[in-house]
Amino acid sequence: MTRLYIAEKPSLGRAIAAVLPRPHKNNNGYIETGNGDIVTWCIGHLLEQVEPDAYDEKYKKWNMIDLPIIPEQWQLSPRKSAKQQLAVVRKLAKQATDIVHAGDPDREGQLLVDEVIDYVKVSAKKKTAIQRLLISDLNPAAVKRALSTMRSNREFIPLSVSALARSRADWLYGMNMTRAYTLLGQKGGYRGVLSVGRVQTPILGLVTRRDDDITNFKPKPFYEVFALIPYQDMDIRARWKPSEACQPWQDEEGRVLNRQLCENVLKRIKGQPAEVTESERKETRQAPPLPYSLSALQIDAAKRFGMSAADVLANCQSLYEKHKVITYPRSDSRYLPNEHFKQANDVCRAVASNASELSYACNGANTALKSKAWNDKKVDAHHAIIPTPKQISPNALSGSESKVYQLIARQYVMQFYPAAIYAEAKLVFTIAQGHFIARGRQLMSAGWRELLGRDQAEDKTKVSGNSEQGLTDKVPPLEKGTVLACREGELKDKMTEPPKAFTEATLLQAMTGIARFVSDSSLKKILRDTDGLGTEATRAGILELLFKRQLLMRQAKNIHATDAGRGLVYALPDDATYPDMTAHWEHQLQDMADKKCAYKPFMDALQQQVSQLMDKVKYSEVPESLRQLKSPEPRKPMKKRRYTKSKKS
């Protein structure tokens with residue numbers, strides 16, 4: 001009896017073999033263990049969707065008349081670089097009596113190994129007995145625990161079907177739309193690929209519309225009024241809250257646009273009694289932020305270090321596979337299983353050893369504290385990204401690996417610090433029948449915020465809506481009914497500012513919080529539940545593709561659409577450039593994973609939609625926005641550098 005483990009990557013395969021009986025025999029593409037079990041692996045995707053010309057030779061040439069391309073029988077082919085490993089897996093799968101699926105613990109990881117099992121024609125009887133091994137930490141203790149809790153792979157068939165539908169739908173939509181709009185662009189003289197995709201194009205639309213908002217922005221003056229109310233040896237500064245009667249002179253954000261109205265308020269309140277009609281003082285507690293998902297980590301690393309999403313993911317993969325100092329990185333979860341709580345001391349010891357900069361944080365951690373991060377109900381196939389108990393030499397990490405590791409480690413250690421405590425105060429004054437509000441907020445006990453470093457510790461003295469001075473100086477403890485006098489009013493002239501251009505961090509935030517860019521309330525909920533545009537594993541790659549295709553460009557830290565990117569967005573139907581369609585897809589794909597929706601109706605509806613889109617494009621004129629576009633610069637091959645011997649050398 002031979003049991004075969006099929007891992008997603010060699011690193012995972014080696015981690016599984018490491019806890020199986022010795023001696024081990026390393027072969028080309030697999031490892032034999034002491035008890036006869038065999039561990040093999042894929043190298044990421046061994047198979048890929050075939051190009052259109054595999055279905056029909058005529059598709060080699062891009063012709064509008066041939067669209068839409070809809071395969072009758074979907075085909076996969078081995079990747080060129082993976083043919084040898086696929087042959088190894090095929091041979092071992094036929095010889096094995098039992099198979100264990102050890103793909104990564106997500107939708108794509110499930111499909112990746114399932115499609116190989118189908119492709120190498122594993123018998124139906126053997127298929128029904130396949131077990132599923134879910135590993136999110138490559139260290140031996142974690143792998144042993146996972147081996148003791150394997151489940152039937154049949155439980156995960158709906159997840160695999162959902163991933164298969166997503167893969168085929170993306171091919172169908174992207175292949176046809178990209179060909180159609182590239183051909184339209186060619187008619188207009190553009191010599192480049194106008195790439196269209198279910199996720200990439202709404203991202204391009206988001207950036208284009210932000211650029212347009214900035215370009216078309218016209219600054220408007222607006223005004224703020226404050227009442228200055230002397231108390232003891234200071235002035236309380238209370239902001240005017242306009243009444244409903246003032247709405248005709250306010251914009252949609254409540255800003256007052258009429259200066260004369262504000263000047264009238266100044267005249268009315270000068271020297272008038274100021275009665276405290278509301279007084280509130282309370283203590284608020286702010287819990288530590290949850291450990292990282294990949295997107296949350298990419299956002300913070302972009303803000304703090306200017307790292308691209310792709311760089312963060314590459315460093316995470318290295319920390320996970322090569323160094324084994326973090327758990328599975330392509331995670332969309334920010335919660336942890338309760339059983340992980342037992343490892344807190346070991347993990348904190350490892351952090352202190354691996355990152356000396358955080359040893360003070362680990363020394364101050366109270367591992368008896370249990371934050372809201374530990375919650376079995378919110379953990380499914382994978383959990384938040386956290387450090388593992390493995391200790392390595394700090395010199396083993398590169399500079400960028402160390403930065404990413406420290407972010408992950410610090411966020412974990414924060415879970416063992418108390419809440420930050422703030423004192424908050426609010427006073428509402430009534431002056432000449434108008435309402436004026438003074439607010440203050442002051443950090444009283446830093447708690448987990450101690451770990452943020454000096455750059456973010458300014459919160460200790462900041463007071464929201466007043467000035468840089470402390471709360472006690474600005475919002476004194478006055479009882480309701482207290483009457484003071486308003487010495488005078490203060491008028492502030494301000495100008496509205498254009499929205500800020502997207503950066504890598506804010507674009508990732510927009511992708512994960514895309515719901516706020518959608519007006520349909522039912523779609524908002526779907527996008528919130530599915531965590532936005534793209535997946536943790538794909539967002540970085542989608543952004544890089546848009547840069548590579550020269551539809552997006554970087555200017556210092558800012559991200560803008562290129563002329564070609566804008567031209568494409570203006571030429572496409574709105575449905576293609578807004579996130580609404582993705583929300584509908586994700587809703588159905590999630591229903592498929594939850595056994596609430598079938599594969600065929602989803603694909604049939606999509607084929608009909610793509611056919612209708614192609615009919616419209618075929619008989620349309622070249623859109624104005626695709627005419628006279630400057631073609632992209634061809635990528636120049638790297639020149640060999642010529643070295644000359646200097647006198648010094």
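Quick note: numbers below take in every heavy atom, side chains included, and nothing from hydrogens, waters or symmetry partners.
In this structure, CD1 in I408 is found 5.0 Å from CG in L297, a value given to the nearest 0.5 Å. One distance of note links NE2 of H560 with CD of Q555; it measures 4.5 Å at 0.5 Å rounding. The line from CE of M592 to CD of E586 is 10.5 Å long, rounded to the nearest 0.5 Å. Considering CD of E115 and CG of L47, their distance stands at 5.0 Å, rounded to 0.5 Å. Separation of atoms CG (D563) and CG (L568) is listed at 12.5 Å; rounding is to 0.5 Å. Of the inter-residue distances, the one linking S318 atom OG with H323 atom NE2 reads 4.0 Å to the nearest 0.5 angstrom.
In terms of heavy-atom proximity, T506 sits nearest to T503 at OG1-N, 2.7 Å. Minimum heavy-atom separation, V113 to G103: CG2-CA, 3.8 Å. In terms of heavy-atom proximity, C362 sits nearest to V413 at SG-CG2, 4.0 Å. Across R334 and P291, no two heavy atoms sit closer than the pair NE-O, 2.9 Å. L76 approaches Q49 most closely through the heavy-atom pair CD2-N, 3.8 Å. In this structure, Y405 and P387 approach most closely via the heavy-atom pair OH-CB, 4.0 Å.
A donor-acceptor pair under 3.5 Å links the side-chain atoms of T562 to the main chain of Q550, judged by distance alone. Side chain of Q298 to backbone of A309: a donor-acceptor contact under 3.5 angstrom is found. A donor-acceptor pair is defined here as one N or O able to donate and one able to accept, closer than 3.5 Å; no such pair exists between the side chain of T201 and the backbone of V196. In terms of modelled atom types and a separation under 3.5 Å, the side chain of S402 and the main chain of G399 share no donor-acceptor contact. Q85 places a side-chain N or O within donor-acceptor distance of the main-chain N or O of G29, the cut-off being under 3.5 Å.
Note on R410 versus E357: no salt bridge recorded, every NZ/NE/NH1/NH2 to OD/OE distance being 4.0 Å or above. With salt bridges taken as basic N to acidic carboxylate O contacts below 4.0 Å, none links R304 and E504.
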Walk me through whether V347 and I386 qualify under side-chain contact (heavy atoms from CB on, under 4.5 Å). CA-CA 9 Å; V347 174; I386 60 169; 5.6 Å; no

Before you tell me yes or no, could you show the steps for K9 and D104 under salt bridge (charged side-chain N to carboxylate O under 4.0 Å, His left out), namely the whole-Å CA-CA distance, both residues' side-chain angles and the distance that decides it to 0.1 Å? CA-CA 9 Å; K9 298 185 192 79; D104 282 351; 2.9 Å; yes

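A cation-pi contact, defined as under 6.0 Å to the ring centre and within 45° of the axis, is absent between R151 and F156. A cation-pi arrangement, defined by a distance under 6.0 Å to the six-membered ring centre and an angle within 45 degrees of its axis, is present between R209 and Y578. Stacking of R198 on the aromatic ring of Y173 is not recorded, the 6.0 Å distance cut-off and the 45° axial limit not both being met.
Annotation for E155: atom CD counts as buried by contact number, over 12 foreign heavy atoms lying within 6.0 Å. A 6.0 Å sphere centred on NZ of K596 holds no more than 12 heavy atoms belonging to other residues, nucleotides or ligands.
Put simply, the residue from D137, D346, N139 that forms a side-chain contact (heavy atoms from CB on, under 4.5 Å) with K390 is N139. No option in L294, D106, L12 other than D106 meets the side-chain contact (heavy atoms from CB on, under 4.5 Å) test with Y328.
If you check the side chains of R330 and Q317, you find a donor sitting under 3.5 Å from an acceptor. A donor-acceptor contact under 3.5 angstrom links the side chains of S400 and N315, judged on distance only. Counted by atom type alone, R449 and Q286 present one or more donor-acceptor pairs between their side chains at under 3.5 Å. T388 and Q343 share no donor-acceptor pair across their side chains, judged by distance under 3.5 Å alone.
Here the side chains of R539 and T512 are in contact, with some heavy-atom distance below 4.5 Å.
Using cut-offs of 30° and 60° for the angle between ring planes, the F416 and F341 rings count as tilted.
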